[in-house]
Undergrad: 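Below is the structure I would like to discuss, written out as C-alpha cells.
In what follows, every heavy atom counts, from backbone to side chain, and hydrogens, waters and symmetry copies are set aside. Keep in mind it's a predicted model, so treat the numbers as computed, not measured. Residue numbering restarts at 1 for every chain, and letters A, B, ... go by the order of the sequence lines.
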There are 2 protein chains.
Amino acid sequence: MKKISIKDIASKAGVSVSTVSFVLNNKAKEMRISDEKVQIVKKIAAEAGYKPNLLAKSLRTGKTKTIGLMIDDISNNFFASIAKVIELEAKKLGYKVFYCSTENDPVRAKEILQLLEDAHVDGFIITPTEKLQTEIKRLLQINKKVVLLDRYFPDINATCIMVDSYKGAYDATSLLLKKGYKTIALVSNDLHMIQMQQRENGYRDALKAMKIKYDQKLVTRLHYIGGEEEDMVDRLVDFFERCPDADAVFFLNNSLGIVGLKALRKLEYKIGKDIAVISFDDNLVFALNTPAISVVSQPIQDIGTQAVELLIRSIEEGKSLPGKTILKSGKVIVRESF
Amino acid sequence: MKKISIKDIASKAGVSVSTVSFVLNNKAKEMRISDEKVQIVKKIAAEAGYKPNLLAKSLRTGKTKTIGLMIDDISNNFFASIAKVIELEAKKLGYKVFYCSTENDPVRAKEILQLLEDAHVDGFIITPTEKLQTEIKRLLQINKKVVLLDRYFPDINATCIMVDSYKGAYDATSLLLKKGYKTIALVSNDLHMIQMQQRENGYRDALKAMKIKYDQKLVTRLHYIGGEEEDMVDRLVDFFERCPDADAVFFLNNSLGIVGLKALRKLEYKIGKDIAVISFDDNLVFALNTPAISVVSQPIQDIGTQAVELLIRSIEEGKSLPGKTILKSGKVIVRESF
DNA sequence: CTGAAAGCGCTTACAG
DNA sequence: CTGAAAGCGCTTACAG
C-alpha cells in the first residue's frame, strides 16, 4: 500500500535507477537501453502501478507543468467561462491550471501572485486588478512568463489578450443611435481600468460620429463596493432619477448590467418601452430576463485559447511573448431590450 | 536575481544549514539556538527576501498544506459560492485550496482525483459524481482524508456534509400545499444521486401528510445532457404539455430551475398566475426573474466552514473523520412566484 | 548550544 | 549499452 519509487522498481528489475528513469521518460532509444531491459522495467512499473512523485520531479527539473490563472471573480459568469476554456486548452497541451480569484482586491491579488510563485507555476495568466503594475513588472523582470487578460497597463510591455472594448462599445452605441435612441445613459465603475476607459471612448466617439453631443450628466461611474450590491443599486436609482429623459442605457460590464437591472426594476421602468438596454458581456441573467437584454458578447473561446497557446509555447520553446496587446472582436447580440 | 536557498543564508551567516532551518521554522528555543545566531539568521533571511522552496519542503515532510476541492461545475452559482467559502476558511487555517470541476463527468472526475493525488494534497473535499464509489473507497483505504459535500454514497462510511434535502423538499412542498396548490409537478434529473432521491421523498411525504395522492404523471426525471440545454428545455415543454392541470412546479436543483424557467417562457405560462414555481438552491437568476422565484436556499457558509474545519483538524491532529453524514437545514425563501 | 550527514524521489551529466 | 554519483532545497535524528 506504500507508494513505490523508482528505486523499488530498479531493485525489482535488477537494473539501476538511471535505467528506470530513462525508460519511464521515454528516453530508452536515445540512451540506447536494450529492448530486454525496457520491457522488464515497463512491465514491473505497470504492475506496481508506479506513479512518479511530481514533487521530486519538479524539484529536480525546475518545471511543474502548471500554469497559474488569476481572475477577478470566479462566480462571475464571464470569468468562469474563460477559466473553463483555459483549463481545457491547457490540459490538451499537458498542463494543469491553478485558479484563484482576487475579488478585485489588490492586496489579495498580490498574495495570490505570491502563492502561485511559491507553487512554482511555469507561467501566469492574469486579469490584473488596480495597482498591480509593480508586481507584474517584477514577475516580468525575473523572467517569468506572463499573459494578461481583459485589461492591461499602458506603461508595461506585457502581452495582453482582450476584446476590442472600443469597437464593441462603439458598435453598441451606434446601433442604439441607428434605432432612434438619442439620449443614451452610460454606466461605468470607478475602477480606472483601461478597458472601461476604452468603452467610454467608444461610446463617446459613436455619439460624435452622429453629431450628438456628449452629455456629462448622462454618464455615471459607480463606486465599486465589493459585495455591497444594495448600495450600488440605490446609487443607480438616484442616477436614473437625475436623468429622466434618458431613452436608453449602456452598462459597461455584466456586473454593472446586473446591478442596473435591479435598479430599473426598483424604478418600475419597462425595459424596451420606457428605456432601451444593452450591456457589455453576456450573462445567463441577460438571456433569461424578461425581456431578454441585448449585449456585446466577448469571444471567450478565442481569448482563452490564444492566451494558453502563447504562454505554453513561450514556456516550452523559450520564445519570448509578443509583449503587446492583441485585440479580439466582440459581437453585438440583439435581443428584446430595444 | 537568483532564488536564494537556505544554504546561501547559512554561509552568509556563518552557521550551518540546520541552524538556519531551525530558526526559520521557529524552533530556535526548542533547539536552544543562541539569541545572537537567531538574530543574525533572521536579519539575513529578511534582507535577502528569502522564500522557502515549498516543493523541497513538501518532498521532505510529506505535507503540502493544500487541500483539493472537486466540484460539479464552477460556473454554477451554488458551487462557486461554496468554493469561495471553502477557500477563505482554509486560508484562515493556513491551507491553500486547488479547485477543479467535473462537469458531472465521471471519467473527468477520476482524472481529477488522480491529479489531486499526484499533487500530494493533504486532504480532499469532494462533491462526487455518479460511479465514484470505487475511487473514494480507494482514497479512504490508503488513509487519505476525505470530506464529501452535497451527496454521499450509502455504501461507504465517508464523512459527508450536506443540506437536509428531505426536509427542504418537504417544507417547500408543504408550503405550496398550504397556499392552496394541489397539483404540484416535480422536476428532477436522472443522475441517481442520493440527494435527489431524498428531495423526491420529501415531496412525496409532504403530499401524503396532506392526504394528496402521489401522481406518477406529475413527476419527470430529465435526462441530463452536459451542455445541450436546448434539448432539456424541449423535453420539459413536452412534460408540461402532458400535465396541463399542474398549478405548481417544484424544480429539484438550480440547473433544473433555470431550464424550467426557459421552458415556461416558451410555453408563455405566467409564473405566479398560471403556475406557481419553487426551486431547490438559490441563484441570481431566480432573485432577478420577473417575477422573482421562491427557493429552498442552502446554508452554504455553514456547510463550507464545517467541511474545512473537520478536514483540517483531521489532517493536523490525525483525528479520524466522523465517517457519517451531517445534515444542515436549508431555508425556504418566499418571493413572488406564488 | 550547534554542525555534519542522511534522505525525501527524482534527473542527468559522467565514466566506462 | 548501463551504473554510480551528484544534486534540486529542504528537515531532522544523531553526535558532540
Undergrad: Strictly distance-based, threshold 3.5 Å: is any side-chain N or O of A/S58 a donor or acceptor partner for the main-chain N or O of A/L55?
TA: no
Undergrad: Taking only the side-chain nitrogens and oxygens of B/S5, find out if one of them lies under 4.0 Å from OP1 or OP2 of D/dC8.
TA: no
Undergrad: Identify whether the distance between the nearest side-chain nitrogen and carboxylate oxygen of A/E117 and A/K144 falls below 4.0 Å.
TA: no
Undergrad: Closer than 3.5 angstrom, by distance alone: can the side chain of B/N25 be matched with the main-chain N or O of B/K27 as a donor-acceptor pair?
TA: no
Undergrad: Can B/S16 and B/T19 be counted as having a side-chain donor-acceptor contact under 3.5 angstrom?
TA: yes
Undergrad: With DNA chain C as reference, determine whether B/K37 or B/A56 sits nearer its 5' end, using the nearest nucleotide of each.
TA: B/K37
Undergrad: So what is the 5' to 3' dot-bracket string for DNA chain D, if pairs are Watson-Crick or G-U wobble with both distances under 3.5 Å, crossing pairs use [ ] and | means the partner sits on another strand?
TA: |||.||||||||.|||
Undergrad: Is there a donor-acceptor pair under 3.5 Å between the side chain of B/D122 and the backbone N or O of B/T64?
TA: yes
Undergrad: Out of curiosity, B/D73 CG to B/E103 CD, how far, rounded to the nearest 0.5 Å?
TA: 5.0 Å
Undergrad: Given atom CG of A/N53 and atom P of C/dG7, what is their separation to the nearest angstrom?
TA: 17 Å
Undergrad: Please state how far atom CG in B/L59 lies from atom C1' in D/dC8, giving the value in whole angstrom units.
TA: 9 Å
Undergrad: In Å, rounded to the nearest 0.5 Å, how long is the span from NZ of A/K65 to NZ of A/K96?
TA: 10.0 Å
Undergrad: For a salt bridge (Lys or Arg N to Asp or Glu O under 4.0 Å) check, start with the C-alpha distance between A/K91 and A/E87, then their side-chain angles and the critical distance, and finish with the verdict.
TA: CA-CA 6 Å; A/K91 197 181 150 202; A/E87 183 177 6; over 6 Å; no
Undergrad: Quick one: A/I33 CD1 to D/dG3 P, roughly how many Å, whole number?
TA: 8 Å
Undergrad: Whole angstroms only, please: what is the NE2-C1' distance between B/H120 and C/dC10?
TA: 11 Å
Undergrad: Just call it for A/K51: base, sugar-phosphate, or nothing, with non-hydrogen atoms closer than 4.0 Å on any strand.
TA: sugar-phosphate
Undergrad: Would you indicate, yes or no, if C/dT2 has its OP1 or OP2 atom less than 4.0 angstrom from a side-chain nitrogen or oxygen of B/S34?
TA: yes
Undergrad: Just to be sure I understand the rule, does A/K63 reach a base, reach only the sugar-phosphate, or reach nothing, if contact means heavy atoms closer than 4.0 Å?
TA: nothing
Undergrad: What nitrogen or oxygen pairs link the protein and nucleotides 11-13 of chain D at under 3.5 Å?
TA:
unit_1 : atom_1 : unit_2 : atom_2 : d
D/dT11 : OP1    : B/N25  : OD1    : 3.4
D/dT11 : OP1    : B/N25  : ND2    : 3.1
D/dT11 : OP2    : B/S21  : OG     : 2.7
D/dT11 : OP2    : B/N25  : ND2    : 3.1
D/dT11 : O2     : B/R60  : NH1    : 2.1
D/dT12 : OP2    : B/K27  : NZ     : 2.9

Undergrad: OP1 or OP2 of D/dG3 less than 4.0 angstrom from a side-chain nitrogen or oxygen of A/T19, does that happen here?
TA: yes
Undergrad: Using only atom types and a distance under 3.5 Å, with no angle test, would you say the side chain of A/R108 pairs donor to acceptor with the backbone of A/S101?
TA: yes
Undergrad: Using whole Å, report how far CG of B/L54 lies from C1' of C/dC8.
TA: 15 Å
Undergrad: Starting from C1' on D/dA4, measure out to NZ on A/K7 and report it in whole angstrom.
TA: 13 Å
Undergrad: Roughly how many Å is it from CG in B/D8 to P in D/dG9, rounded to a whole number?
TA: 8 Å
